[in-house]
Amino acid sequence: MRECDGGTEHQDGALYRDTEHPGHYIETFIVESWVEHLRQHERVTSADRELEENVRRFESKPIKVRHFIYARSKRGRQ
């Protein structure tokens, strides 16, 4: 798990390997709100950028980024 936000390990994230497609991985993060997610983009360090650039050298295809937002039922139940 990579470090996030000032060197603390991200508590609400995980790395998954796709069993149907060897070499495919999914990294997930859960943050409090969309605003917090946008703030994370503002706090990227030069070390983070360097790491991401190094990872991209090994990509066979561009990384696909997707965003999911928690869905609540109409009655407010989960």
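If you're wondering where the values come from, they're calculated on a predicted model, not measured in any experiment. Below, each value reflects all heavy atoms present in this structure, side chains not excepted, and no hydrogens, waters or symmetry copies.
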Begin from the C-alpha positions of Tyr25 and Asp18 and carry the test side chain to side chain contact (heavy atoms under 4.5 Å, CB included) through to its verdict. CA-CA 6 Å; Tyr25 293 84; Asp18 186 337; over 6 Å; no
Test salt bridge (charged side-chain N to carboxylate O under 4.0 Å, His left out) on Glu52 and Arg57; report intermediate values, then the result. CA-CA 9 Å; Glu52 289 178 2; Arg57 291 183 200 167; over 6 Å; no
Look up atom [atom1] in [X] and atom [atom2] in [Y], then write down how far apart they are to the nearest 0.5 Å.
X     : Y     : atom1 : atom2 : result
Leu51 : Arg56 : CG    : CZ    : 10.0 Å
Glu42 : Gln40 : CD    : CD    : 10.5 Å
His37 : Ile30 : NE2   : CD1   : 13.5 Å
His41 : Asp48 : NE2   : CG    : 12.0 Å
Lys64 : Ile26 : NZ    : CD1   : 10.5 Å

Before you tell me yes or no, could you show the steps for Trp34 and His67 under side chain to side chain contact (heavy atoms under 4.5 Å, CB included), namely the whole-Å CA-CA distance, both residues' side-chain angles and the distance that decides it to 0.1 Å? CA-CA 10 Å; Trp34 185 253; His67 295 88; 3.7 Å; yes
Apply the test side chain to side chain contact (heavy atoms under 4.5 Å, CB included) to residues Lys61 and Glu59: give CA-CA distance (whole Å), side-chain angles for both, the deciding distance (0.1 Å), then the verdict. CA-CA 5 Å; Lys61 296 179 183 178; Glu59 291 176 359; over 6 Å; no
Can you classify the ring geometry of His21 versus His24 as parallel (below 30°), tilted (30 to 60°) or perpendicular (above 60°)?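 Ring orientation of His21 relative to His24: parallel.
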Can you confirm whether more than 12 heavy atoms, excluding those of Glu50, are under 6.0 Å from its CD atom?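 Counting neighbours around CD of Glu50, 12 or fewer heavy atoms of other residues, nucleotides or ligands fall under 6.0 Å, so no.
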Between Arg39 and Glu32, is there a side-chain N and carboxylate O pair less than 4.0 Å apart?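 No, Arg39 and Glu32 are not salt-bridged.
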